Amino acid sequence: MPIRFFNTLSGKVEEFRPLDEGRVRMYTCGPTVYDYAHIGNFRTFVFQDILRRHLKYRGYQMLHVMNVTDVDDNTIRNAQAAGLPLRDFTSQYIEAFRVDRMLLNLEDPELVVRASDHVDDMVKVIQTLVERGFAYESDGSYYFRVKNFPEYGKLSKIDFSGMRAGARVDADKYDKDSARDFALWKAAKPGEPAWNTPLGPGRPGWHIECSVMSMKYLGETFDIHSGGSDLIFPHHENEIAQSEAATGKPLARYWLHAEHLIVNGEKMSKSLGNFYTLRDLIAKSYKPSAIRYLLASVPFRKPLNFTFEGLHQAEQSLDRLRNFNYRLKMEKFPPGESSALAERARAAQSEFEAALNDNLNTAEALAAIFNLIRDGNTAMDQGEFHQGDRPLFSDVLTRWDRIFAVLEDNDYDKLRKAGFIQEHRAESSVPQPVPDGQGTLRAEILSDQEVETAIREREQARHGGDYARADQIRQQLLEAGIVLEDTKVGTRWKRK
RNA sequence: GGCGCGGUACCCAAGUGGUAAGGGAGAGGUCUGCAAAACCUUUAUGCGGGAGUUCGAUUCUCCCCCGCGCCUCCA
């Protein structure tokens, strides 16, 4: 079955066929590293992760390049405010972004590249654009001459032909021939970082980095380019202009754009107080896997309305998935197998695969797996689920999770790895959350060993008929964030 | 104003020219020392509003209303 994507360039859903059989070259616009990435950014990055995971699932070898913008007005401003050299400042947020990706189970792209490492390459491309008549110098800055690139607007579908230069913007404010022209290279200003290059001292404009780095690592034409919908114009439109003017070849064949995340129906902004980073949500005790689930559950071309109720619902849904997975692994089933269940499992597999092939319809892919879970649970309750059915169900779940990556309950391991929580050390006192003074949370948690000791004590109380004591222990553990469930095969525990 | 994405039950959210997936929440029931988990039943004659096309529209067309985004450096 072919994969179909909505291509912003054509405005239609199209069958996906990469240039090289079996291999996909993809470029995605990563963050500007002047602060922690926010959940709106991660909506797009989770979409891109689902995209690459599905392509891999379909057997494609990926060459995925993600850029990091580490030189622009924002990074320069914040680095100065922090009193740090630009590179040191941005390196901190590149590292924070790496940790956030780890927490959200985002696969690492094959290459993550920094704009500031490619200034020489950018200079060469700008020189080419000058030679070809697409760029000009003015006061030490270089601009792209939009009117020489007639296809300008083909991605964003903006028709510029009727607009007169200077009609909207006071042209005198700029040293540009036309208000629409955009900067390729910005002349050095006092107090700002600058590179000494054949173009003169200065720093790159925003768009040129992506043209240059994609060309360098993926070639002049590659398969997929993606980012948030706000990048369609001007960023991606300008990339197309620069790249195609320089090479004479199409830049990317499929353009995929994620719609924005909004919060409570409003745009997320710092002034509205509804602006959240991943760390903000972790500090409120939400699990990264639930955040990933929520961000993945709405197909990428739909606006995603983020609410805390929605996040809570995602947690509940995730529990349902994991409960079934646990039951599948741990419960004892009668020998034999059922051909009806085998058929059911394979049907669910083809349903979720078809949903993802259809422009990454994650909502439908979720429905397919929940239907399977209900049928599996029902069969188990009725004693009709057999040992021989286990491997197939397990296989389908595992396949599904190659895309969604939420099944394994390893949030605490990851939070510990990130340094956000630590195990409880003292013997007597109850673990306490400890704010670390940076808006994140370092909480102490009970160790696995402590939990298991308490569970053994409760088991003894239960066998002795001392239910009051058993319930007390269960309550104490609950207050420490540990949930107990008595099953046929013993007591299961999990972290809330 | 231009371009784009949306408006489906209490909440989130699929989908189709032929009569509304899935998840959460609520209610009742089964199971269990209790709880939790799980299962069963149940919750939209209805898919923003109006008109049209059609045997038939939530799905197509037109108009209108509302939300969100972009329109020079925001994922």
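All values derive from a computational prediction rather than experimental measurement. The chains referred to below are lettered A, B, ... by the order of the sequence lines, with proteins before strands, and numbering in each begins at 1.
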Original post:
Looking only at N and O atoms, is any donor in the side chain of E309(A) or the base of rC11(B) less than 3.5 Å from an acceptor on the other one?
Top reply: no
**OP:** Check if the side chain of R474(A) and the base of rC34(B) share a donor-acceptor pair of N or O atoms closer than 3.5 Å.
**Re:** yes
Is the distance from OP1 or OP2 of [N] to the nearest side-chain N or O of [X] less than 4.0 Å?
{"X": "Q316(A)", "N": "rA25(B)", "answer": "yes"}
{"X": "N305(A)", "N": "rC68(B)", "answer": "no"}
{"X": "N238(A)", "N": "rU72(B)", "answer": "no"}
{"X": "T32(A)", "N": "rA75(B)", "answer": "yes"}
{"X": "R320(A)", "N": "rC39(B)", "answer": "yes"}
{"X": "K267(A)", "N": "rG67(B)", "answer": "no"}
{"X": "N361(A)", "N": "rA14(B)", "answer": "no"}
{"X": "K302(A)", "N": "rG7(B)", "answer": "yes"}
{"X": "T378(A)", "N": "rC40(B)", "answer": "yes"}

Which nucleotide in the list [options] gets nearest to the side chain of [X]?
{"X": "A363(A)", "options": "rC5(B), rA21(B), rC39(B)", "result": "rA21(B)"}
{"X": "N74(A)", "options": "rC74(B), rG24(B), rA36(B)", "result": "rC74(B)"}
{"X": "N371(A)", "options": "rC34(B), rG22(B), rG24(B)", "result": "rG22(B)"}
{"X": "A367(A)", "options": "rC39(B), rC34(B), rA21(B)", "result": "rA21(B)"}
{"X": "R374(A)", "options": "rC39(B), rC73(B), rG24(B)", "result": "rC39(B)"}
{"X": "I262(A)", "options": "rA14(B), rC68(B), rG33(B)", "result": "rC68(B)"}
{"X": "Q313(A)", "options": "rC34(B), rC5(B), rG24(B)", "result": "rG24(B)"}
{"X": "R180(A)", "options": "rU72(B), rC11(B), rG69(B)", "result": "rU72(B)"}
{"X": "M268(A)", "options": "rA75(B), rG24(B), rA38(B)", "result": "rA75(B)"}
{"X": "P299(A)", "options": "rA13(B), rG15(B), rA75(B)", "result": "rA13(B)"}

Rounded to the nearest angstrom, tell me the gap between atom [atom1] in [X] and atom [atom2] in [N].
{"X": "N274(A)", "N": "rC68(B)", "atom1": "CG", "atom2": "C1'", "answer": "13 Å"}
{"X": "E259(A)", "N": "rG67(B)", "atom1": "CD", "atom2": "P", "answer": "17 Å"}
{"X": "M380(A)", "N": "rC31(B)", "atom1": "CE", "atom2": "P", "answer": "21 Å"}
{"X": "L231(A)", "N": "rC74(B)", "atom1": "CG", "atom2": "C1'", "answer": "8 Å"}
{"X": "F306(A)", "N": "rA13(B)", "atom1": "CZ", "atom2": "P", "answer": "13 Å"}
{"X": "Q242(A)", "N": "rU72(B)", "atom1": "CD", "atom2": "P", "answer": "17 Å"}

Taking only Lys NZ, Arg NE, NH1 and NH2, and the carboxylate oxygens of Asp or Glu, determine whether [X] and [Y] approach each other closer than 4.0 Å.
{"X": "R145(A)", "Y": "D177(A)", "answer": "yes"}
{"X": "D381(A)", "Y": "R327(A)", "answer": "yes"}
{"X": "R458(A)", "Y": "D486(A)", "answer": "yes"}
{"X": "R98(A)", "Y": "E95(A)", "answer": "yes"}
{"X": "R279(A)", "Y": "D100(A)", "answer": "yes"}
{"X": "D73(A)", "Y": "R77(A)", "answer": "no"}

Using the [atom1] atom on both, measure [N] against [M] and round to a whole Å.
{"N": "rU41(B)", "M": "rC70(B)", "atom1": "P", "result": "46 Å"}
{"N": "rG23(B)", "M": "rU43(B)", "atom1": "C1'", "result": "15 Å"}
{"N": "rG49(B)", "M": "rA9(B)", "atom1": "P", "result": "10 Å"}
{"N": "rU32(B)", "M": "rG67(B)", "atom1": "C1'", "result": "48 Å"}
{"N": "rG56(B)", "M": "rU45(B)", "atom1": "C1'", "result": "15 Å"}
{"N": "rA75(B)", "M": "rG7(B)", "atom1": "P", "result": "26 Å"}
{"N": "rU54(B)", "M": "rC11(B)", "atom1": "P", "result": "37 Å"}
{"N": "rA38(B)", "M": "rC71(B)", "atom1": "P", "result": "45 Å"}

With a 4.0 Å cut-off on heavy atoms, is [X] in touch with a base, just the backbone sugar-phosphate, or nothing at all?
{"X": "D230(A)", "value": "base"}
{"X": "N323(A)", "value": "sugar-phosphate"}
{"X": "H235(A)", "value": "nothing"}
{"X": "L294(A)", "value": "nothing"}
{"X": "R77(A)", "value": "nothing"}
{"X": "I369(A)", "value": "nothing"}
{"X": "F370(A)", "value": "sugar-phosphate"}

**OP:** Strictly below 4.0 Å, heavy-atom distances to any atom of RNA chain B: list the hits from residues 37-47 of chain A, or just say none.
**Re:** H38(A), G40(A), N41(A), T44(A)
Original post:
Should the pair R492(A) and Y326(A) be classed as cation-pi, given the thresholds of under 6.0 Å to the six-membered ring centre and 45° from the axis?
Top reply: yes
Output field: ring centroids [X]/[Y] closer than 6.0 Å:
{"X": "Y143(A)", "Y": "F182(A)", "answer": "no"}
{"X": "F308(A)", "Y": "Y276(A)", "answer": "yes"}
{"X": "F45(A)", "Y": "F97(A)", "answer": "yes"}

Subject >> Partner set under ring-ring contact (aromatic ring centres under 6.0 Å, His included) for H64(A), not counting sequence neighbours >> reply: none
Original post:
Short question: side chain of D411(A), backbone of S289(A) - any donor-acceptor pair under 3.5 Å?
Top reply: yes
Original post:
Can you find a pair of side-chain heavy atoms, one from K287(A) and one from Y412(A), that are under 4.5 Å apart?
Top reply: yes
**OP:** Enumerate, in order of first residue number, the stems that involve RNA chain B, defined as 3 or more consecutive Watson-Crick or G-U wobble pairs with both distances under 3.5 Å.
**Re:** B:1-7 with B:65-71, B:10-12 with B:22-24, B:25-30 with B:38-43, B:48-52 with B:60-64
Original post:
If each of H312(A) and F6(A) is mapped to the nucleotide of RNA chain B with the nearest heavy atom, which maps nearer the 5' terminus, i.e. the 5' end?
Top reply: F6(A)
**OP:** Between A368(A) and A258(A), name the one whose nearest nucleotide on RNA chain B is closer to the 5' end.
**Re:** A368(A)
Original post:
Have R114(A) and T90(A) got a donor and an acceptor in their side chains that come within less than 3.5 Å?
Top reply: yes
